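A short worksheet on the structure shown next.
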2 protein chains.
Amino acid sequence: MSLTGDRRAAQPADEPTGGPRSGRRRRSGRPEQPAATIGRVAEAAGVSRATVSRVMNGSPTVAAELAARVRAAAEALNYEPSLVARSLALGRTSTVSLIVPDLSNPMFQDVLRGLSHAAAGQGYRLLVAESNENVAEEAILAVEARRRSDGLVLASPRVPEAELRAISDRLAPLVLLNRDLPGSSVPSLSVDYAAGIAAIVAHLRSLGHRRIVYLAGPAASTSNRERQAALRANCAAEPVCVLTELACGATFDDGHAAAKAILRSGATAVVAFNDMVAFGALSGLHELGIGVPRDLSVAGFDDIPFARYTTPPLTTASIPRNELGRQAWDRLWALLGGGPAGHDVHFQPRLLVRDSTGPVPAGRAEAVGER
Amino acid sequence: MSLTGDRRAAQPADEPTGGPRSGRRRRSGRPEQPAATIGRVAEAAGVSRATVSRVMNGSPTVAAELAARVRAAAEALNYEPSLVARSLALGRTSTVSLIVPDLSNPMFQDVLRGLSHAAAGQGYRLLVAESNENVAEEAILAVEARRRSDGLVLASPRVPEAELRAISDRLAPLVLLNRDLPGSSVPSLSVDYAAGIAAIVAHLRSLGHRRIVYLAGPAASTSNRERQAALRANCAAEPVCVLTELACGATFDDGHAAAKAILRSGATAVVAFNDMVAFGALSGLHELGIGVPRDLSVAGFDDIPFARYTTPPLTTASIPRNELGRQAWDRLWALLGGGPAGHDVHFQPRLLVRDSTGPVPAGRAEAVGER
DNA sequence: ATGAAAGCGCTAACAA
DNA sequence: TTGTTAGCGCTTTCAT
């Protein structure tokens, strides 16, 4: 993709280079029809353009008779006000942008839905762009997307802090998701992964587990770092708790491949980086004849839609993905109104205890103490 | 959502009603800075606006010295050309819109990705709107989205044909997905569900199955109707083939609930409306102690990402979701260039034989013949 | 209640 | 090579 080079849109091939003066054209084989403008409507109705504008915008100060005439003319000419011209005059596009690293991630899909839906409620539309995890393009993309719209939501941006800070006011009004900019006034909404991990660990401990293995996500992932750090902190805080860490990944296959290593770790419970990994582990363990939760407990993270359908259904921590999008809109809307954006929030994941976690198998409970 | 009533964007609350003349404002607590325009840059660089424009657009006809001065001025003023003004002057927004019935459907998520990615390659951005399966709003949404952009992709629109036909030229350039408009010149890309069903049935028959039960999707769903019709046609064409149809639905739970009815049907193979239903059926059958594919074969449709991870992995028909988006862009791009859009295509699903289908259990093969 | 006119910020023909 | 000028289509003062 050539985002870095020429930033302008390419010109469709055989577009006659006549510029706008040749009139908007009806494609698709239609006879060329010169696209009604406010001027034409005004002319047809025998009024001024101002009056047409007023009618189109529902101003009450227009005489009923005139208004009717205008509406008739508009109808006859198939008139549709140009939103671009309107945006220019109004200084407002009624569009906001969302940048996500990866559209195939359920997290971002839900943010997209929540945001799009909430924005639609106020008549705003959504421009979506994907950075494809490409850090270099992300900033460029953000600036460009912002310029096409009235505000921006940046989801889990990978841009280095210094750079983000540098462009943050060109991006305003801006809302950050799963990222913050300490010291700035940019609203930030994020998920308290540490709290989610804490809840999982507490749950596991209450079942008697003392030896935990963590199936680590990609090293580059911020959320992995957070989860991993929380796990270490939680285990260190406990009197007896052994934590083994396994480099794993973020996919089903990564989790699947880890099955044997899990067994070797001697742990009684596995905490996976995310649900996909947990899912893979479940599958791999199953193939090795290990019963879950009979022999081993497995917990995921994220509560992806399929987590309730695995066998056994997965214990995991759910995060309010849609809500993240919805509240991002609330913040943006406030900013657009020139007001303050409401407090930042740290969403607390909710522990969903399903069937993949259970008590430590008899005879293994004291393993740690005996070492 | 108030799309039907007042179609304009709401005004953010305490926005001073001064219009654009009060200047673009830096939100987020920044000191008000009057936003650089091409005029200011021209002034600062001591050249005309035309020259600034040329420099910004990389015209080679500007003296190096001048160009440098302009760039310096632009830099100093933090100048960023207004894309709205540019769009107005150019008569082109470099944005296209996509309307989908439901953003949570994996099908549309992939179309979105494919389209967004392809369009980005040409410097186009994507505006996304969701109709929420709301037929009444769909048309309005489409017209509005189209007005904000240069072209439109309508995915699986639910609008009645007459209405679609009526607005189709206000929507042009337009590309239809999973829908066609016979007699019009609107490009259409769709999936040949019938062929997918035929492939599944052929596969099942080759395994010896003669009694099939169909887990039907929502009655309102076009794709269900197509799949169901194809199933009937295929079975009717076979010498011995018994088809039972069960009203089911589109979700995991629907499939799950159908397990007993499946058994009662006496069929040896089940064809589910989609993968989720098949997935649910798998789960329900498992709970009843039925082995798949030992006792019963199960086939899905769609090849959703999780289909390979069910137990057993699901035999299904895959459809090129991303490709649909990509090719939609190709068509749109051609239309934008004023050219013809390439031929319509009917994507052929690909049969993916995994482990959920197998030979008819011994002793049941002749069941049909014996009736 | 209506119209005339001056923008909004940019591009492109045309002239110099 | 550069500047002048006239748009693009709409909104909104300010008069009337």
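Note that the structure is a prediction, hence the values are computed from the model and not measured. Every chain is numbered from 1 and lettered A, B, ... according to where its sequence line falls, protein lines coming before strand lines.
- Remark: the B/Thr93 side chain and the B/Asp150 side chain contain an N/O donor-acceptor pair separated by less than 3.5 Å.
- Within the nucleic acid shown, B/Leu83 has no heavy atom closer than 4.0 Å to any nucleic acid atom.
- Distance OH/B/Tyr124 to CG/B/Leu336: 5.0 Å, rounded to 0.5 Å.
- Taking atom CZ on A/Arg92 and atom C1' on D/dT12, their separation rounds to 14 Å, with Å as the unit.
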Detail all sub-3.5 Å separations between protein N/O atoms and N/O atoms belonging to nucleotides 14-16 of chain C.
none

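- Following rounding to the nearest Å, A/Leu66 (CG) and C/dT2 (C1') show an atom-to-atom distance of 8 Å.
- Using a 4.0 Å heavy-atom cutoff across all strands shown, B/Val62 reaches sugar-phosphate atoms only and no base atom.
- In this structure, A/Glu43 places its CD atom 18 Å from C1' of C/dT2, rounding to the nearest Å.
- For C/dG3, one of the phosphate oxygens OP1 or OP2 lies less than 4.0 angstrom from a side-chain nitrogen or oxygen of A/Thr51.
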Using a 3.5 Å cut-off and no angle test, enumerate the donor-acceptor pairs between side-chain atoms of residues 59-70 of chain B and protein atoms at least two apart in sequence or in another chain.
residue: B/Ser59; atom: OG; partner: B/Thr61; partner atom: N; Å: 3.3
residue: B/Ser59; atom: OG; partner: B/Thr61; partner atom: OG1; Å: 3.1
residue: B/Glu65; atom: OE1; partner: B/Arg69; partner atom: NH1; Å: 3.4
residue: B/Glu65; atom: OE2; partner: B/Arg69; partner atom: NH1; Å: 3.4
residue: B/Arg69; atom: NE; partner: B/Ala45; partner atom: O; Å: 3.1
residue: B/Arg69; atom: NH2; partner: B/Ala45; partner atom: O; Å: 3.1

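- Both B/Pro60 and B/Ala50 sit near DNA chain D, but only B/Pro60 has its closest nucleotide nearer the 5' end.
- Checking D/dT11, D/dT2, C/dC10 against every side-chain atom of A/Ile38, the shortest atom distance belongs to D/dT11.
- Remark: side-chain polar atoms of B/Glu80 are not paired, donor with acceptor, to backbone N or O of A/Arg147 under 3.5 angstrom.
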Salt bridge (Lys or Arg N to Asp or Glu O under 4.0 Å), that's the test. Do A/Glu144 and A/Arg148 meet it? Break it down for me.
CA-CA 7 Å; A/Glu144 211 242 64; A/Arg148 298 195 191 231; 2.8 Å; yes
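- Heavy atoms of B/Val47 sit under 4.0 angstrom from primed sugar atoms or phosphate atoms, though from no base atom.
- In the set C/dT2, C/dG9, D/dT11, D/dT11 carries the atom at the smallest distance from any side-chain atom of A/Arg49.
- Protein atom CG of B/Leu90 is 12 Å distant from nucleotide atom C1' of C/dG9, rounded to whole Å.
- A/Arg147 has its CZ atom 9 Å from the P atom of C/dC10, to the nearest Å.
- For A/Ala89, whose side chain is taken as the heavy atoms from C-beta onward, the closest listed nucleotide among D/dC10, C/dG9, C/dG3 is D/dC10.
- Remark: B/Ser82 is not in phosphate contact with C/dG9, judged by side-chain N or O atoms under 4.0 Å from OP1 or OP2.
- Under the 3.5 Å distance criterion, the side-chain polar atoms of B/Arg331 are matched with a main-chain donor or acceptor of B/Ala341.
- Side chain of B/Arg158 to main chain of B/Ser156: a donor-acceptor pair is present (N/O by atom type, distance under 3.5 Å, no hydrogens or angles).
- For the pair B/Gly46 and B/Ala85, both in contact range of DNA chain D, the more 5′-proximal nearest nucleotide belongs to B/Gly46.
- Checking the phosphate oxygens (OP1, OP2) of C/dT11, a side-chain nitrogen or oxygen of B/Ser53 falls inside 4.0 Å.
- Residue B/Leu88 has its side chain nearest to C/dG9 when only D/dG3, C/dC10, C/dG9 are considered.
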